[in-house]
Peer 1: 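Starting off with a structure, shown below.
The structure displayed is predicted, hence computed values, not measured ones. Computation of the quantities below employed the complete heavy-atom set of this structure, encompassing side-chain atoms and omitting hydrogens, waters and symmetry-equivalent molecules. Here is how names work: the chains are called A, B, and so on, in the same order as the sequence lines, proteins then strands, and each is numbered from 1.
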Amino acid sequence: MELYFHNSLTRRRECFAPLDPGHVRVYVCGPTVYDLAHLGNARPVVVFDTLIRLLRRVFPRVTYVRNITDVEDKIIARAGETGEPIADLTRRTTAEFHADMAALGALPPDIEPRATCHIAEMITLIERLIACGHAYTANGPEGTHVLFAVGSFADYGRLSGRSREDMIAGARVEVAPYKRDPADFVLWKPSTADQPGWDSPWGRGRPGWHIECSAMSWRHLGTDFDIHGGGSDLLFPHHENEIAQSCSAFPESHFARIWMHNGMLRVNGEKMAKSLGNFVTVRDVLAAAPGEAVRLLLLKTHYRAELDFSFPALAEARRELDRFYRALDRHPSRPDVPVPEQVMARLADDLNTPAALAALHALADRALGADAGAAAGLAAAGSLLGLLGAEPAAWFQGSADRTAIEAAIAARRAARQARDFARADAIRAGLAAQGILLEDGPHGTTWRRAS
RNA sequence: GGUCCGGUGGCAGAGUGGUCAUGCAGCGGACUGCAAAUCCGCGUACGUCGGUUCGAUUCCGGCCCGGACCUCCA
């Protein structure tokens with residue numbers, strides 16, 4: 001099956017042809033670990049998890065690398081504010097990130113490199129860049145910086161589609177005096193005694209942000225690989241700088257072939273961001289709905305579009321899952337079948353998850369109409385999307401007090417048989433007040449938690 | 001100011017040059033003691049003004065509106 005993806009670099013939909021059809025290699029920018037993940041941080045994780053699941057169905061081997069940024073000025077700042085040692089802060093936050101992403105049904109990457117474990121590779125890369133004239137050292141008040149010379153890379157600005165003039169005209173930051181060109185960016189910077197630092201040819205210091213991804217992708221995927229992903233806000237400068245560094249250090253290489261960027265999560269029309277204070281953490285959202293509903297909410301919008309988050313939308317995603325699970329519940333024994341063609345075709349077209357979900361609804365319709373094959377197809381399609389992995393009973397009933405509920409149902413049955421409908425309805429209303437809904441069917445009464 | 005993306009029915013959200021998205025909500029009906037669930041049916045959607053075309057929501061241009069990036073950001 002042929003896959004097509006929108007390539008940010010060419011701004012076009014392209015047929016996906018891996019460099020090695022026997023081994024697809026993907027790199028996605030991971031979190032900076034200094035605080036709990038918010039839902040915006042979770043979107044690329046869920047989106048690219050879904051992409052990886054699709055790639056694994058189509059290609060024999062996939063290596064998925066997603067880094068952890070554990071050296072960064074925000075981490076230093078946070079540790080300074082709270083007094084928590086940096087190593088503890090990054091370890092704890094990484095564990096919280098893992099737990100939150102697992103709750104959203106995201107499988108771990110194959111390799112999760114940490115920046116602090118790749119300082120040597122970064123230094124090697126920076127030395128190469130200096131040697132071939134793409135980087136230079138400059139002395140500031142705190143010590144020696146190494147900067148990338150943007151002017152030395154002819155293609156700079158190609159990914160983000162901006163000219164050098166644009167970048168200079170729009171510069172809102174004060175330009176450090178040691179820069180030869182205002183657009184030059186830091187590869188290595190000096191650390192004071194109380195900041196984390198590593199010995200280097202330029203003295204004790206720490207890396208700039210961008211070099212780590214060039215170093216880690218090189219180390220784990222090689223100089224050329226297939227897909228590089230991340231949020232659209234990383235397009236510039238982060239990804240632009242990665243390209244400049246990697247392609248300059250390895251002039252014969254092309255770095256990533258396809259760049260995929262997910263759209264931003266919004267709240268009330270504005271980007272969700274820590275700096276705006278309008279974020280909801282994954283924890284907040286998980287307190288309001290099961291992780292699976294959160295995942296579905298994220299997949300209901302195409303990954304490249306912006307997505308406006310709201311709690312009512314989350315509740316709607318949960319109701320949608322009720323319908324899927326109801327369809328599965330009709331057919332308790334479901335053979336393993338391939339993912340239906342309709343679903344595959346839609347995912348193969350730039351990971352069109354909303355269109356694929358419409359196909360899942362069509363399968364649910366048929367399953368509710370007693371088509372067991374459709375139920376099996378629905379389960380298979382759900383599995384590809386990282387959804388519908390629970391047992392319907394677990395989805396509908398969760399951890400409610402089964403014994404008490406069944407006793408109430410028995411009492412209500414007796415009342416109904418005596419045609420005491422007032423009492424029967426009172427029992428039903430009492431359960432409803434506890435969030436338990438009853439459904440009378442031809443084979444007796446079943447119950448579920450309200451959604 | 002520069003670069004880029006988008007404006008679809010009550011809401012969410014795909015897609016297409018010429019009968020259908022889909023979901024949620026709503027309304028009517030069937031079923032039910034009443035509900036719930038399920039099933040059947042319903043609602044003249046494509047920001048605006050021009051252009052191309054036999055025909056445009058879909059292509060092109062202007063305008064209006066929203067958002068992202070240009071600084072840390074998923």
Peer 1: So, OP1 or OP2 of B:rC72: does either fall under 4.0 Å of a side-chain N or O from A:Ser275?
Peer 2: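 Checking B:rC72 against A:Ser275, no side-chain N or O comes under 4.0 Å of OP1 or OP2.
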
Peer 1: With a 3.5 Å limit on both atom pairs, tell me what B:rC24 is paired to, counting Watson-Crick and G-U wobble, or say none.
Peer 2: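 B:rG10 - that is the nucleotide pairing with B:rC24, both distances being under 3.5 Å.
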
Peer 1: Under 4.0 Å between any heavy atoms, over every strand shown, what does A:Gly230 touch: base, sugar-phosphate, or nothing? Just pick one.
Peer 2: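 Contact class for A:Gly230: sugar-phosphate only.
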
Peer 1: Over how many whole Å does the gap from A:Leu307 atom CG to B:rA74 atom P extend?
Peer 2: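 Computing the A:Leu307:CG to B:rA74:P distance gives 17 Å.
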
Peer 1: Just call it for A:Arg416: base, sugar-phosphate, or nothing, with non-hydrogen atoms closer than 4.0 Å on any strand.
Peer 2: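 Base, at least one base heavy atom under 4.0 Å.
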
Peer 1: Scan A:Glu306 against the nucleic acid and name what it touches under 4.0 Å (heavy atoms): base, sugar-phosphate only, or nothing.
Peer 2: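 Result for A:Glu306 = sugar-phosphate.
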
Peer 1: Roughly how many Å is it from CH2 in A:Trp447 to P in B:rA35, rounded to a whole number?
Peer 2: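 Going from CH2 in A:Trp447 over to P in B:rA35 covers 24 Å.
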
Peer 1: Can you tell me how far C1' of B:rU38 sits from CG of A:Leu437, to the nearest Å?
Peer 2: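 Result: 16 Å.
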
Peer 1: Quote, to the nearest angstrom, the C1' distance that separates B:rA74 from B:rC64.
Peer 2: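 One C1' to the other, the span is 31 Å.
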
Peer 1: Taking any strand in view, what nucleotide pairs with B:rU3 in a Watson-Crick or G-U wobble way, both distances under 3.5 Å?
Peer 2: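 Paired with B:rU3, as far as the under-3.5 Å criterion goes, is B:rA68.
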
Peer 1: With salt bridge (Lys or Arg N to Asp or Glu O under 4.0 Å) as the test, would you mind laying out the steps for A:Glu72 and A:Lys74 before giving the verdict?
Peer 2: CA-CA 6 Å; A:Glu72 215 273 331; A:Lys74 283 197 294 295; 3.4 Å; yes

Peer 1: Which nucleotide in the list B:rC24, B:rC39, B:rA68 gets nearest to the side chain of A:Asp365?
Peer 2: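 For the A:Asp365 side chain, the nearest candidate turns out to be B:rC39.
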
Peer 1: Expressed in angstrom and rounded to an integer, what is the separation of A:Arg304 atom CZ from B:rG13 atom P?
Peer 2: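 Taking CZ of A:Arg304 and P of B:rG13, I get 15 Å after rounding.
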
Peer 1: Would you mind classifying the nucleic acid contact of A:Arg428 as base, sugar-phosphate or nothing, using non-hydrogen atoms under 4.0 angstrom?
Peer 2: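 Contact class for A:Arg428: base.
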
Peer 1: Rounded to the nearest angstrom, tell me the gap between atom CG in A:Asp233 and atom C1' in B:rC72.
Peer 2: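 Roughly 10 Å, once rounded to whole Å.
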
Peer 1: Distance check, C1' atoms only: B:rG15 and B:rC46, in whole angstrom units.
Peer 2: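 Nearest-Å result for B:rG15 against B:rC46 at atom C1': 11 Å.
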
Peer 1: Using the C1' atom as the reference point in each nucleotide, state the distance between B:rU32 and B:rU38 in Å, no decimals.
Peer 2: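 One C1' to the other, the span is 12 Å.
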
Peer 1: Between A:Met264 and A:Arg412, just flag the one whose closest nucleotide in RNA chain B comes earlier from the 5' side.
Peer 2: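 The residue whose closest nucleotide sits nearer the 5' end is A:Arg412.
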
Peer 1: Touch check for A:Arg449, heavy atoms < 4.0 angstrom, all strands: base, sugar-phosphate only, or nothing?
Peer 2: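 Answer is nothing: A:Arg449 stays at 4.0 Å or more from every strand.
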
Peer 1: B:rU58 and B:rG17: how far apart are their P atoms, nearest whole angstrom?
Peer 2: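 After rounding to an integer number of Å, I get 11 Å for this pair.
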
Peer 1: Ignoring the backbone of A:Arg323, work out which of B:rG67, B:rC72, B:rU38 is nearest its side chain.
Peer 2: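 Minimum distance to the A:Arg323 side chain belongs to B:rU38.
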
Peer 1: So, A:Asp233 and A:Lys271, do they make that salt bridge, N to O below 4.0 Å?
Peer 2: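 Yes.
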
Peer 1: Assign A:Lys271 to base, sugar-phosphate, or nothing according to its heavy-atom contacts below 4.0 angstrom with the strands shown.
Peer 2: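 The answer is base, as A:Lys271 lies within the cut-off (heavy atoms under 4.0 Å) of a base atom.
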
Peer 1: For B:rU38, give the paired nucleotide (Watson-Crick: N1-N3 plus N6-O4 or O6-N4; G-U: N1-O2 and O6-N3; both under 3.5 Å), or none.
Peer 2: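 Base partner found: B:rA30.
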
Peer 1: With hydrogens left out and only the distance checked, is there a donor-acceptor pair under 3.5 Å joining A:Glu316's side chain and the base of B:rG23?
Peer 2: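 In this structure, the two groups form a donor-acceptor pair.
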
Peer 1: Could you let me know what B:rG17 is paired to, Watson-Crick or G-U wobble, both distances under 3.5 Å, or none if it's on its own?
Peer 2: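 Answer to the pairing question: none, since B:rG17 forms no Watson-Crick or G-U pair.
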
Peer 1: Does A:Arg346 have a side-chain nitrogen or oxygen under 4.0 Å from the phosphate oxygens OP1 or OP2 of B:rA21?
Peer 2: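 Indeed not, no polar side-chain atom of A:Arg346 lies that close.
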
Peer 1: Scan A:Glu439 against the nucleic acid and name what it touches under 4.0 Å (heavy atoms): base, sugar-phosphate only, or nothing.
Peer 2: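 Answer is base: heavy atoms of A:Glu439 come under 4.0 Å of a base.
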
Peer 1: The side chain of A:Arg319 lies closest to which of these nucleotides: B:rA14, B:rA25, B:rC34?
Peer 2: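 So the nucleotide nearest the side chain must be B:rA25.
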
Peer 1: Do NZ/NE/NH1/NH2 and the carboxylate oxygens of A:Glu439 and A:Arg326 come within less than 4.0 Å?
Peer 2: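 Yes, charged N to carboxylate O under 4.0 Å.
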
Peer 1: Between A:Arg304 and A:Asp350, is there a salt bridge with N-O shorter than 4.0 Å?
Peer 2: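 A salt bridge is present here (some side-chain N lies under 4.0 Å from a carboxylate O).
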
Peer 1: Under 4.0 Å, heavy atoms only, any strand: does A:Asp440 hit a base, just the sugar-phosphate, or nothing?
Peer 2: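 Base, at least one base atom sits under 4.0 Å.
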
Peer 1: Should A:Asp425 and A:Arg416 count as an ion pair when the cut-off is N to O under 4.0 Å?
Peer 2: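 Salt bridge: no.
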
Peer 1: Taking the minimum atom-to-atom distance to the side chain of A:Asn41, which one of B:rA14, B:rA36, B:rA74 wins?
Peer 2: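 Among the listed nucleotides, the one closest to the side chain of A:Asn41 is B:rA74.
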
Peer 1: What's the gap between B:rG9 and B:rC70 when it is taken at their P atoms, as a whole Å value?
Peer 2: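 Taking atom P in both B:rG9 and B:rC70, they lie 31 Å apart.
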
Peer 1: Write down the distance between CG (A:Leu235) and C1' (B:rG67), rounded to a whole number of angstrom.
Peer 2: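 One finds 15 Å between C1' of B:rG67 and CG of A:Leu235, rounded.
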
Peer 1: Select base, sugar-phosphate, or nothing to describe what A:Leu438 touches, counting heavy atoms under 4.0 Å on all strands.
Peer 2: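 It contacts base atoms.
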
Peer 1: Identify whether the distance between the nearest side-chain nitrogen and carboxylate oxygen of A:Arg78 and A:Glu81 falls below 4.0 Å.
Peer 2: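 Looking at A:Arg78 and A:Glu81, the cut-off is met.
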
Peer 1: What is the base-pairing partner of B:rC46, counting Watson-Crick and G-U wobble geometry with both distances under 3.5 Å?
Peer 2: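 Partner of B:rC46: none.
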
Peer 1: Reading RNA chain B from 5' onward, which residue's closest nucleotide shows up sooner: A:Gly40 or A:Gly269?
Peer 2: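 Nearest-nucleotide comparison on RNA chain B picks A:Gly269.
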
Peer 1: Give one of base, sugar-phosphate or nothing for A:His302, where a contact means two heavy atoms less than 4.0 Å apart.
Peer 2: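 Sugar-phosphate: the residue A:His302, judged by heavy atoms under 4.0 Å, touches backbone atoms but no base.
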
Peer 1: Roughly how far apart, to the nearest Å, are B:rG18 and B:rA12 at atom C1'?
Peer 2: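 About 28 Å, rounded to a whole number of Å.
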
Peer 1: When all nucleic acid strands are considered with a 4.0 Å heavy-atom cut-off, which category describes A:Leu360: base, sugar-phosphate, or nothing?
Peer 2: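 Result for A:Leu360 = nothing.
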
Peer 1: Is A:Gly369 touching bases, backbone alone, or none of the nucleic acid, heavy atoms closer than 4.0 Å?
Peer 2: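 The residue A:Gly369 makes no contact with any strand.
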
Peer 1: Hey, is A:Glu320 close enough to A:Lys300 for a salt bridge, meaning N to O under 4.0 Å?
Peer 2: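 A:Lys300 and A:Glu320: salt-bridged.
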
Peer 1: Give me the distance, rounded to whole Å, that separates B:rA45 from B:rG29 when you measure between the C1' atoms they each carry.
Peer 2: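 To the nearest whole Å, 26 Å.
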
Peer 1: Which one, B:rC70, B:rA21, B:rA74, comes nearest to the side chain of A:Met272?
Peer 2: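 Between B:rC70, B:rA21, B:rA74, the one nearest the side chain of A:Met272 would be B:rA74.
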
Peer 1: Ignoring the backbone of A:Asp425, work out which of B:rG23, B:rA74, B:rC34 is nearest its side chain.
Peer 2: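 Per side-chain heavy atoms of A:Asp425, the pick is B:rC34.
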
Peer 1: Could you grab the distance from atom CZ of A:Arg114 to atom CG of A:Asn67, nearest 0.5 Å is fine?
Peer 2: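 Separation between the atoms: 12.0 Å.
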
Peer 1: Starting at atom CD1 of A:Ile427, determine the distance to atom C1' of B:rG33, rounded to an integer number of angstrom.
Peer 2: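 Going from CD1 in A:Ile427 over to C1' in B:rG33 covers 15 Å.
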
Peer 1: Take atom CZ of A:Phe396 and atom C1' of B:rA36, then tell me their distance rounded to the nearest Å.
Peer 2: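 That distance rounds to 12 Å.
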
Peer 1: Applying a 3.5 Å limit to both distances, which nucleotide forms a Watson-Crick or G-U wobble pair with B:rU52?
Peer 2: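 Paired with no nucleotide.
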
Peer 1: Between B:rG47 and B:rG10, how far apart are the P atoms? Round to whole Å, please.
Peer 2: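 The answer is 13 Å between these two P atoms.
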
Peer 1: Taking side chain as C-beta onward, heavy atoms only, is A:Pro207 less than 4.5 Å from A:Leu187?
Peer 2: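 Not in contact.
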
Peer 1: So does A:Asn352 reach the base of B:rG15 with its side chain, donor to acceptor, closer than 3.5 Å?
Peer 2: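 Answer is no: no donor-acceptor pair is held.
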
